[in-house]
Each structure stands twice: as C-alpha cells, then as structure tokens.
Protein chains: 2
Amino acid sequence: MQQSGSPHRPDAGDADGLTVGQASARLGVTVRALHHWDEIGLARPSLRTAAGYRLYTAGDLERLHRIVVYREVGLGLDRIRAVLDDSTADVPGALRAQRAQVAERIERLRQLSDGLDRMIDAHERGLLLTVEQQAAIFGPQWDPDWAAQARQRYGDTAQWRQYAERSASRGPEEWQAITDAVAGFDGALGDAMDAGVTPGSPEANQLVERHREVFASYFPLTRQMQVCLGRMFEADPGFAAHYDGIRTGLATWFRQIVDASARAHGIDPDTATWQ
Amino acid sequence: MQQSGSPHRPDAGDADGLTVGQASARLGVTVRALHHWDEIGLARPSLRTAAGYRLYTAGDLERLHRIVVYREVGLGLDRIRAVLDDSTADVPGALRAQRAQVAERIERLRQLSDGLDRMIDAHERGLLLTVEQQAAIFGPQWDPDWAAQARQRYGDTAQWRQYAERSASRGPEEWQAITDAVAGFDGALGDAMDAGVTPGSPEANQLVERHREVFASYFPLTRQMQVCLGRMFEADPGFAAHYDGIRTGLATWFRQIVDASARAHGIDPDTATWQ
DNA sequence: GCTTGACCCTCACGGTGCGTGAGGCAGGAG
DNA sequence: CTCCTGCCTCACGCACCGTGAGGGTCAAGC
C-alpha cells in the first residue's frame, strides 16, 4: 500500500514533478507499471532528481492518464503507443478493431461456457439426451432413471469420468450407433449360444473380444474388468433379466465364455479385480 | 500440415504405438503440444523406439484424448493434471469453478466492450449526453449540432483526441461542473471589463491564467494556443456573438488581455501558432 | 550404396504485462 | 547516528506453446 502524502512532502503542488509513488497513487496504477512503461519507452518521466528518482511533470501525467484510459479499454501497450505517438493513427478504427476482437473473444468464451455446461451435465446426469430421445434410441422399455442410478453407484470411479467425458461429446446419432452395435452384439451372442458354441472355442473368444470393443464406447475395458462385468451380469437381477430375456441362460453362458477367454489370457477369473 | 499416413507406414493398426505426427493428426493438436505435455510430465509416451522416437500406445492416446477434451473447455494444464491423476478430484466442482471463471471473464469483456463503445462514440460524436441532458446542462440556446460541427473541423487534431478521451469518462454531473466553471469565468470576465481592468494588469493576467485552467477541462492549453483561441473568439461570428452577448466588446477585450499576458511571457501574439 | 524427402529428436528464445523479491541508495525524523 | 520509508536497478517467473536451429532416422527409388 502506498501512503499518498507523507507529512514532510505534501505530494500536491510540487511544481517540479511527482515521484513514482505519488504518480501511481494519483493514477491508480502500480509503481511497477510506471517502471515498466518507462523501460519500454512508452512513458518516460521528463525529469530525474540528482539521485535518479523519476519525476513526472504535469505533461507526463497527461500522457500517463491517456495511457491509463486506453489501457482500461483493453488496448495493448503497442497500440496505445501508436495511438499516442502516431498523429496519423486512426483512433476510432483502432477502437473498433479492438471491439471486434473483444466480441470474438466473448463469443469464444460463450461457446466454452456451453461446453462446460455439457461436461457438467454429463458428469452429473450421465446422459445428455431428452427423455424422448432416450426413448427413441434405447427403446420403449428403457428406464430414464438408469443414468441417475448409475451415477449413484459409480459416480466416484474413474470409469464414470471417462463415460461422462465421452457422453459430453456424443449426439443422438452417435448414441444410436452405439445402441445398434450393442443390439447387434446381443443378437450375435444369442445366435452363438443357440448354435452350440462352447466356452473357450475360437468363436466364443472372438465374441468376448467383440464385447470389449463394443463396450469401449463407454470406457476402455480390461480383461479383468470384463470378468467382473460378466459376473455382475449374472448376479444382478436387472442385467440377468436383460440377457435371459434374449435367450434363457444367456447371462450365465456369457459369464462362462468370458471366464474361459480370461483363463486363456492368463487371468484367474475367480480372483480378478476391477482394475 | 501433417501428412497423416505415408505410403509405407499406414499409421493405423501399428500395435506398438503412434509417433508424434500420427498422434497429433489423430487428436487435432500440434506436435509441439505433445512435446510440451511430455516435457511437463502431463502425458508421456509409454514407449520410445531405439532412435528415441516417441511412441504413443492405445492407453496413451486414451489419456491424450481426455486431455484434449478438458483443454477444449479451457481448463489449465495443472487442473487437467489434477483431474486425470487425482482420483479423489472433484471433477464437476472443478468444471463449475471454471465455468464461474469464464462467466467472470465474459462479464469483464462485456464491460470492456461498453467502454469501447463509449470511447468510439466520444471520438465520433464528441458528446455522450442525450439531447435532453445537453439542454439541461448547456442551457436552452445550446445547439445540439455543435459537437458534430466541431468534429468536422477538428476531428483530426491531437486536441480533439484528448477531448474525446476525456468526454468518454465524463458523466452529466461532471459536464455540469465544467459548464458552471465556464459560466463563472465568463461572468468574472464581464465584471472585470466593467470594472475597468486594463490588459497587462495583474488582475487581467490572473483572469487569463484562470481561463487556461478552466479550459484545461477540454484539453491542455498552451499559451500560444490560448493566443490563437483569443483571436478566433474575436473573429468567429459564433464565438464573438457569445462573448459580445455577455458584454459588448468582450471578445475584443479578451483577445487583448490574452495578447498582453502572452507578451509578458515572451510570446509574440502576432506570430503565435497552434502548438 | 547413395540420395531424397518426410519425420523425428533436443535445446532454447520469445511473447504479454507486469508481480515479486533481492540488494542497495536517498532523504527526512528523532 | 540510526531508523524508516521510498526509491533505484536487475532479473526471474508466468501459461502454453510457436518457431526456428542444428542434426539424426527411416523407407523408397536409383
């Protein structure tokens, strides 16, 4: 904090000039800024004391004040210099250019704010679609409450974060593509079970790989995580109902082909953890 | 411009990883950014070739992609690092904080834009008051067209610029104070002429000084400029009518006291120029 | 094997407008 | 003579890379 006006030097009326501290107090800028403007030659004091103190005369203060005014509307020091020193400078033109730049920056920031809104929504709700869109994409038996429940359960996991980040950049068409892929996979799964594909067979392992690829739309799935998922699908009533609705026993069969594939990759499915 | 995919290295499917150029093309960021993120440890490639080439694996790309997403909403690299590395980080909280910051910056830019509007108006119109305000402040015989005429005449001079800059930061009350000062000065001028004050007398010289001070509200006035002004007030029909309306012959008398004061300061009023 | 061209590497400066010390005079008060 | 405040001059730091400089690497074509 600058003390404006020491008892022995009343700072006002000293005809020879003001020191940096006095000038800074009067102009509402920092001493460092005055030093800087002096360094770059934008506003140098006309006088110095014998000891080297800067002394700003009335004319200097005049110029400083103009600098402050233009700085307040966001002009860069270079342009201020041009405006002050070049008597042919097009001041209104420079101001208008600046205003255009500012408008542009505002627009960018607004888009950025929109993006942030989407990200926040994605993290908090998990799905950015309207209820109608959700019904159209996920089918009529879709429960719009699913995302909220999922957030309740998984909101603090790294996987939820990745899911949320991706959701933020997905529109309805992309969701449609994903559900199509999932539906296609579910169908293939049921067909394979019907066809008598056995766990551990190349066909079954290929399906397991396909599942990981499809699932990667939500977040990357390690084999270990896939094992856990397979067991959850079998154990969780909701998920089990979904798979058993496709073919009776499909949830269990899926768990079996995942386990077999994991074993083939050196993972013990009975000790696999979510990582 | 990066060529994505040279004929001999199809850039897709190389299981061991992508080079910087390939990764940059895929992510839409520059190679330099990848280098930078590596330097600061935000995203380092898991692999290097024997020659030292960076190789980004699928997992690396995963992380890079998350970085890009968060960078697009304006998060700083430090905060991105926190969001990615600190599993206890409050992501929605960070996003909301960012949104608040963005809103703040938008607000500042809006005010800045308003300031620019005022400045532009000041440079182009000279007066920022409504016609009613002008009438209230300058009196009923004020011609609202004065500012436009003045800009026609003086718009390209340094003095007009200073006038415009100051106008931009003046409200109605300040204009009122200025017109009050001017009116007070005009009255004192008439009284002095009535009282028989003679050009060159201390009283007359004091009035000349007071005129310079009062006039400084518009722009700083040198003594030379004041001489020119005195002659213009006498010669210009509009200005002459104003002063002679106060006291007959006041325009001429004012020119005389200015001339005398100038002579006392070593200026020849007959060769004085506007500088 | 040599050239060519496209990539890749590691420094390292620069830009914007000062903030923030560090170390040391200058000048008045007690 | 000491103390305190204000002033001085360096000089680094910041956020995020852009932009060379100077020099290897890799695959292809001759």
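Note on naming: letters A, B, ... go to the chains in the order of the sequence lines (proteins, then strands), and numbering restarts at 1 for each one.
- Applying the 4.0 Å criterion to OP1 and OP2 of dC17(D), one finds that T30(B) has every side-chain N and O outside that range.
- Using a distance-only test at 3.5 Å, with no hydrogens or angles considered, a donor-acceptor pair links the side chain of Q98(A) to the main chain of G74(A).
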Return the polar atom pairs (N/O with N/O) between nucleotides 24-27 of chain C and the protein under 3.5 Å, or none.
| from | atom 1 | to | atom 2 | distance (Å) |
| --- | --- | --- | --- | --- |
| dA26(C) | O4' | Y53(A) | OH | 3.2 |

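- As a whole-Å value, the separation of R79(A) CZ from dG15(C) P is 17 Å.
- From one end of the helix from dG1(C)-dC30(D) to dG30(C)-dC1(D) to the other, with five pairs defining each end axis, the axis direction shifts by 40° (rounded to 10°).
- A distance of 8.0 Å separates CD of Q159(B) from OG1 of T222(B), quoted to the nearest 0.5 Å.
- The residue among H35(B) and L77(A) whose nearest nucleotide of DNA chain C is located toward the 5' end is H35(B).
- Distance, Q22(A) CD to dC8(D) P: 11 Å, rounded to whole Å.
- Within the model, atoms CG of D60(A) and CZ of R63(A) stand 9.0 Å from one another, a figure rounded to the nearest 0.5 Å.
- Rounding to whole angstrom units, CD1 of residue I80(B) and P of dC17(D) are separated by 9 Å.
- A salt bridge is defined here as a Lys NZ or Arg NE, NH1 or NH2 lying under 4.0 Å from an Asp or Glu carboxylate O, and R108(B) with E72(A) fails to meet this definition.
- Annotation: the span from M119(B) atom CE to D121(B) atom CG amounts to 11.5 Å, rounded to 0.5 Å.
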Evaluate E124(A) against R96(B) for salt bridge (Lys or Arg N to Asp or Glu O under 4.0 Å), listing each step before the verdict.
CA-CA 11 Å; E124(A) 301 214 317; R96(B) 243 192 290 276; 2.8 Å; yes

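- For the atom pair CG of L18(A) and OG of S24(A), the computed distance is 10.0 Å after rounding to the nearest 0.5 Å.
- For E107(A), the side-chain contact (heavy atoms from CB on, under 4.5 Å) partners are R110(A), Q111(A), not counting sequence neighbours.
- Nucleotide dC10(D) holds its C1' atom 14 Å from the CG atom of D38(A), rounded to whole Å.
- Here R48(B) pairs with D38(B) in a salt bridge; the nearest charged N to carboxylate O distance falls below 4.0 Å.
- In this structure, CD in Q22(A) is found 10.0 Å from CG in L61(A), a value given to the nearest 0.5 Å.
- OP1 or OP2 of dC8(C) has not a single side-chain nitrogen or oxygen of R54(B) nearer than 4.0 Å.
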Short heteroatom pairs, N/O only, protein and nucleotides 19-21 of chain D, under 3.5 Å:
| from | atom 1 | to | atom 2 | distance (Å) |
| --- | --- | --- | --- | --- |
| dT19(D) | O4 | R32(B) | NE | 2.9 |

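- As rounded to whole Å, 13 Å separates atom P of dC8(D) from atom CG of L47(A).
- Electrostatic pairing of R32(A) and E39(A) counts as a salt bridge here, judged by a charged N lying under 4.0 Å from a carboxylate O.
- Taking atom CG of residue L34(B) and atom P of nucleotide dC16(D), one finds them 15 Å apart after rounding to whole Å.
- At a non-hydrogen distance threshold of 4.0 Å, nothing from residues 64-76 of chain A comes into contact with DNA chain D.
- Close to dC7(C), at under 4.0 Å from its OP1 or OP2, lies no side-chain N or O of T19(B).
- Applying the 4.0 Å criterion to OP1 and OP2 of dG17(C), one finds that W37(A) has every side-chain N and O outside that range.
- Interatomic distance, L95(B) CG to L75(B) CG, rounded to the nearest 0.5 Å: 6.0 Å.
- In this entry the distance linking CD of E39(A) with P of dC18(C) reads 11 Å, nearest Å.
- Within the structure, side-chain hydrogen bond (donor to acceptor under 3.5 Å, both in side chains) pairs that include any residue of residues 211-221 of chain A comprise E209(A)-R212(A), H211(A)-Q226(A) (at least two apart or interchain).
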For L47(B) and Y56(B), what are the C-alpha separation, side-chain angles and deciding distance, and is it a side-chain contact (heavy atoms from CB on, under 4.5 Å)?
CA-CA 7 Å; L47(B) 299 176; Y56(B) 291 96; over 6 Å; no

